[in-house]
Amino acid sequence: MGTPAVLGPVGERVPDVERIAVLRANALGDFIFALPALDALRAAYPSAEIVLLGAPWHADLWRDRPGPVDRVLVVPPGPGIREPGPDETAVEPADFLAAARAERFDLAVQMHGGGANSNPLVARLGARVTAGLRADDAPPLDRWLRYVYYQHEVFRYLEVAALVGAPATTVTPTLAVTDTDRAEAAVVLGPLTRPRVALHPGATDTRRRWPAERFGEVARLLTGDGYEVLVTGTPAERETVDAVVAAAGVPVRPQVGTLRLGALAAAYADCALVVSNDTGPLHLAAAVGAPTVGIFWVGNLINGASPLRGRHRPIAAWTTRCPVCGVDCTPGIYPHRPGDGDCPHRVSFVADVPLVEVVEAARELLTPPPSTR
């Protein structure tokens, strides 16, 4: 293991730590961003058990998977913590807290945002030392760092880990792909007969969605280049995937809800490229080693785009005013600037990204320079 990277102030290591709780119960991309901070905790506390306080999908993903998380304790849904999943059996918060306190955590780390809702939860776990972020509306923990909205998420949580004496060992999120993942993906997708590319045209926030017809054009062009094209999506994104397939006008392979998360990771790991909106699957693809072209709204580019360019090409949309009403959607982050950042519209803020930029970036990554062949 290399020398830990010093990215900022490093606090004192907590003595005699046997069990660490880490709250990170939100979406897929959010979890991927926290992986380097979890790696830092593992390196600093190699004999401690790291327990992720997460959602049911975290427990499923982390079953028999090597990495910095030893096990997952599912935290119940709650405001500012997480939304309930479909058909999820309710757990009373009091029952969860009783079970969590019985774990006798030595250290509880909040990697879940500004802390208005998460800091009170972490404080009630009964850990000897608590640490995390604090926005203006959040109570303090024992060790805390001010939450500032515009900061890359990877570095945000690396700074949190450093509060408890865990300096960075990597800045690159990495997720292991297991043999089970590969076997599940192979059952659905079959063997590779030609290089494979995946497109992911969905995103929970519709403002982050590049137009489906342009994804369809990317699919058509890359199919013409000789690639097999997958179009991935969740069941809620079926309409978007269907629109891409229709726009492509050539044979592509839609995969809507056919791959569990681990199998999706394996599918992306086998891809020569993944082209996606800024959403969890884009960050999953990067974490399992796939080259990516990501389409980002400029604010999200600051917080979530990979700074590495050897195999990643994030492309920025510079729209800051709502295409419907013209409201400047940035002043909510900058309260001293004029304008009104509140806007109810959810039209695409990334539609100004031209097709040619995405295609050029894709073909560049699909044609490695001579020195790497």
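Quick note: residue numbers are just sequence positions, from 1.
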Counterpart residues, side chain to side chain donor-acceptor pair (under 3.5 Å), relative to Asp70 (two or more places apart): Arg42
Non-hydrogen side-chain atoms of Arg143 and Val129 separated by less than 4.5 Å: yes
Contacts table for residues 184-191: side-chain donor-acceptor under 3.5 angstrom, sequence neighbours left out:
from	atom 1	to	atom 2	distance (Å)
Glu184	OE1	Arg260	NE	3.4
Glu184	OE2	Arg260	NH2	2.9

Residue pairs fulfilling ring-ring contact (aromatic ring centres under 6.0 Å, His included) with at least one residue in residues 255-282, sequence neighbours excluded: none
Expected output: side-chain Arg24 to main-chain Met111 donor-acceptor under 3.5 Å: yes
Heavy atoms from other residues, nucleotides or ligands near CD of Glu88 exceed 12 (cutoff 6.0 Å): yes
Test item: Asp106 and Val14 side chains (from C-beta on) under 4.5 Å apart, heavy atoms: no
Donor-acceptor pair, side chain of His112 and main chain of Ser118, under 3.5 angstrom: no
Arg156 side-chain N/O to Val148 backbone N/O, donor-acceptor pair under 3.5 Å: yes
Glu159 side, atom CD; Gln151 side, atom CD - distance, nearest 0.5 Å: 5.0 Å
Test side chain to side chain donor-acceptor pair (under 3.5 Å) applied to Gln255 and Thr258, step by step: CA-CA 6 Å; Gln255 301 295 320; Thr258 58; 2.6 Å; yes
For residues 323-336, which side-chain N or O atoms pair as donor and acceptor with protein atoms under 3.5 Å away, sequence neighbours left out?
from	atom 1	to	atom 2	distance (Å)
Asp328	OD1	Thr330	N	3.0
Asp328	OD1	Thr330	OG1	2.7

side-chain contact (heavy atoms from CB on, under 4.5 Å) between Val122 and Leu141, worked out: CA-CA 8 Å; Val122 167; Leu141 298 170; 4.2 Å; yes
Qualifying ring-ring contact (aromatic ring centres under 6.0 Å, His included) pairs with a residue from residues 206-234, counting only residues at least two apart or across chains: Trp210-Phe215
Side chain to side chain donor-acceptor pair (under 3.5 Å) evaluation trace for Thr169 with Asp39: CA-CA 7 Å; Thr169 58; Asp39 287 331; 5.4 Å; no
Donor-acceptor contact present, side-chain Arg65 to main-chain Ala176, <3.5 Å: yes
Within residues 187-199 or reaching into it, pairs that qualify as side chain to side chain donor-acceptor pair (under 3.5 Å) - sequence neighbours excluded: Arg196-Glu228
Note, Val218 side chain near Val359 side chain (heavy atom, < 4.5 Å): yes
Gap separating the OG1 atom of Thr130 from the CG atom of Leu163, nearest 0.5 angstrom: 10.5 Å
Got a list of side-chain donor-acceptor pairs under 3.5 Å for residues 46-55, not counting sequence neighbours?
from	atom 1	to	atom 2	distance (Å)
Glu49	OE1	Arg19	NE	2.8
Glu49	OE1	Arg71	NH2	3.4
Glu49	OE2	Arg71	NE	2.6

Donor-acceptor contact below 3.5 Å, side chain Arg13 vs main chain Gly165: yes
Presence of salt bridge, Arg214 and Glu217, under 4.0 angstrom: no
Side chain Asp205, main chain Arg207, donor-acceptor under 3.5 Å: yes
Residue pair Tyr157 / Val109, side-chain heavy-atom distance below 4.5 Å: no
Charged tip of Arg209 within 45° of Phe349 ring normal and under 6.0 Å: no
ring-ring contact (aromatic ring centres under 6.0 Å, His included) contacts touching residues 67-102 (sequence neighbours left out): none
In one Ile/Leu/Val/Met/Phe/Trp/Tyr side-chain cluster, 4.5 Å: Leu264, Leu192: no
By ring-ring contact (aromatic ring centres under 6.0 Å, His included) - contacts of Phe105 (at least two apart): none
Minimum side-chain heavy-atom gap Asp16-Arg128 below 4.5 Å: yes
Step-by-step side-chain contact (heavy atoms from CB on, under 4.5 Å) determination, Arg313 to Leu365: CA-CA 8 Å; Arg313 296 292 186 276; Leu365 288 172; 3.6 Å; yes
Candidate pair Arg220 and Glu213, rule salt bridge (charged side-chain N to carboxylate O under 4.0 Å, His left out), full reasoning: CA-CA 10 Å; Arg220 187 184 68 80; Glu213 60 270 19; over 6 Å; no
Let me have the donor-acceptor pairs involving side chains of residues 292-299, under 3.5 Å, with sequence neighbours excluded, atom names and distances please.
from	atom 1	to	atom 2	distance (Å)
Thr292	OG1	His312	ND1	2.8
Trp297	NE1	Thr319	O	2.4

Heavy-atom donor-acceptor pair, His152 side chain to Val154 backbone, under 3.5 Å: yes
From Asn277 atom CG to Asn300 atom CG, the distance as rounded to the nearest 0.5 Å: 11.0 Å
More than 12 heavy atoms from other groups under 6.0 Å of CZ on Arg104: no
Side-chain donor or acceptor of Gln110 paired with backbone N/O of Leu133 under 3.5 Å: yes
Cluster companions of Trp144 among Ile, Leu, Val, Met, Phe, Trp, Tyr (side-chain spacing under 4.5 Å): none
Expected output: side-chain Arg311 to main-chain Leu308 donor-acceptor under 3.5 Å: no
Test ring-ring contact (aromatic ring centres under 6.0 Å, His included) applied to Trp62 - qualifying residues, sequence neighbours left out: Phe31
From Tyr150 atom OH to Asn303 atom CG, the distance as rounded to the nearest 0.5 Å: 6.5 Å
Under 3.5 Å donor-acceptor, Thr279 side chain and Pro281 backbone: no
Check: Ile81 and Val75 side chains under 4.5 Å, non-hydrogen atoms: yes
